[in-house]
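The block underneath contains the structure these notes are about, expressed in structure tokens.
Below, read A as the first sequence line, B as the second, and so on, with proteins coming before strands; counting in each chain starts at 1.
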There are 2 protein chains.
Amino acid sequence: MRFSDGVEWSVHSCLVLAALPEGVGLPGAKLAEFHSLPAAYLAKHMQALVRAGVVESIPGRHGGYRLARPASEITVADVVTAIEGNRSAFRCTEIRRQGPGAGQPCEYQTACLVSRVMGGAEQAWRSELSKWTLADLAFDPASAAYLRQDAWLSDVLEARG
Amino acid sequence: MRFSDGVEWSVHSCLVLAALPEGVGLPGAKLAEFHSLPAAYLAKHMQALVRAGVVESIPGRHGGYRLARPASEITVADVVTAIEGNRSAFRCTEIRRQGPGAGQPCEYQTACLVSRVMGGAEQAWRSELSKWTLADLAFDPASAAYLRQDAWLSDVLEARG
DNA sequence: GTCCCTATACTCGGATAGCAAGTGTCCGAGTATAGGCGG
DNA sequence: CCGCCTATACTCGGACACTTGCTATCCGAGTATAGGGAC
């Protein structure tokens, strides 16, 4: 089991967007440059975020990306789900029905117990991620590096009018 | 994010081993046949379980696999960890230190907040899996199909002496 | 009859191909803007 | 001086190669057993 690198990139990038002034968008190229990420590949993940309704894209010359909702209403789970998909990581293929070990059809009215256990754990994982919003992370005093946008980010915004 | 199919196979196979009489081993070929699994590939995962100390292999003619500990002392987390590895699914590559968004070195004395949130969620997931032992699943009344070993499994064991 | 030796059959274990998904990149479609032109 | 039109530059979006890791398989190393032979 291994997460896509895009998860880390997307969360950090969303935190950057959370630090922007209200309603202002940041182009994908600049967003990638902020953390020295490959712009073309980050754009691929931004598309996923747009489809999931987490961020919205502004077309045209002064366009870019911005959060679709206030940062306090977007959870880390929303971002991760947008990238990794909302399907379960564990896929029950019902092997209990195969081979000599298969029982009678009446035994299969309830879901596979193994599947239920795995699903429950995944639920706990997702629930834990839902406790944190982008606002919690972006405005945390200990990691307020994103608010140190004076030197670079402000210049970018000012250069764009 | 997606689990290896081997996780499902391994858990179910361990449940079969849990239903065996004390100290008796079952060959990998028979274990695979029980659920119509590819024997050669299941063997690969069984090796991982042996390395992790979850099951032990008995070499020789009447050898096979058996649980290394009582089923009540093996959790689902043990099995999953043996297959998927104990490394974290989320790998923090410290992109916060890259590009114009990078802060001063003194800001990096604490772990990345994003990494901590992801790690905490993973901890919750693992903790949930630790609540269930193989005994809980194998001897559950609702899914006692594994105890219906009379027809096939008993024959196999008897044929081996 | 008992003990030992050897050949056998069966077991696990690691080394070897094939494939899907993630990784990385590029170029085209679409839009708001800026400037020029006409009234 | 004001409004409209056009060309431009910039943006996002989807389509195209490449690499890593999972999937699937095979054959060789090792061991307990079973049988036969010697004592």
Comparing G60(A) and K44(A) on DNA chain C - which has the more 5′ nearest nucleotide: K44(A)
Any side-chain heavy atom of R96(A) sitting closer than 4.5 Å to one from Y108(A)? yes
From NE2 of H45(A) across to C1' of dA21(C) the rounded distance in Å is 13 Å
dC12(C) C1' sits how many Å from L42(B) CG, rounded? 12 Å
Does any donor atom in the side chain of D78(B) or T81(B) lie under 3.5 Å from an acceptor atom in the other side chain? no
Between atom CZ in R61(B) and atom C1' in dT6(C), what is the gap in whole Å? 14 Å
Side-chain N or O of S4(B) closer than 4.0 Å to phosphate OP1/OP2 of dT23(D): yes
Name the residue closer to the 5' end of DNA chain C, choosing between Y65(B) and A43(A) according to the nucleotide with the nearest heavy atom. Y65(B)
Do the side-chain N or O atoms of R51(B) get closer than 4.0 angstrom to the phosphate oxygens (OP1, OP2) of dG14(C)? yes
Rounded to whole Å, the CD-P distance (E56(A) to dT11(D)) equals 17 Å
Any side-chain N or O of R2(A) less than 4.0 Å from the OP1 or OP2 oxygen of dT23(C)? yes
Using a cut-off of less than 4.0 Å, is there contact between a side-chain N or O of S57(A) and OP1 or OP2 of dG13(D)? yes
Taking the side chain as C-beta and beyond, is there a heavy-atom pair between V16(B) and H35(B) under 4.5 Å? yes
Whole angstrom value for the distance that separates P of dG13(C) from CE of M46(B): 9 Å
Rounded off to whole Å, could you give me the CG-to-C1' distance for the D5(A) and dG22(C) pair? 9 Å
Figure out the CG/P separation between L49(B) and dG13(C), and round it to whole Å. 11 Å
Should Q47(B) be listed as having a side-chain N or O under 4.0 Å from OP1 or OP2 of dG14(C)? yes
About how many Å separate OG of S57(A) and CZ of R66(A), when rounded to the nearest 0.5 Å? 9.5 Å
Contact check, side chains of W125(A) and V80(A), non-hydrogen atoms, under 4.5 Å: yes
Answer with base, sugar-phosphate or nothing: what part of the nucleic acid does G6(A) contact at a heavy-atom distance below 4.0 Å? nothing
Rounded to whole Å, the OH-C1' distance (Y41(B) to dG21(D)) equals 10 Å
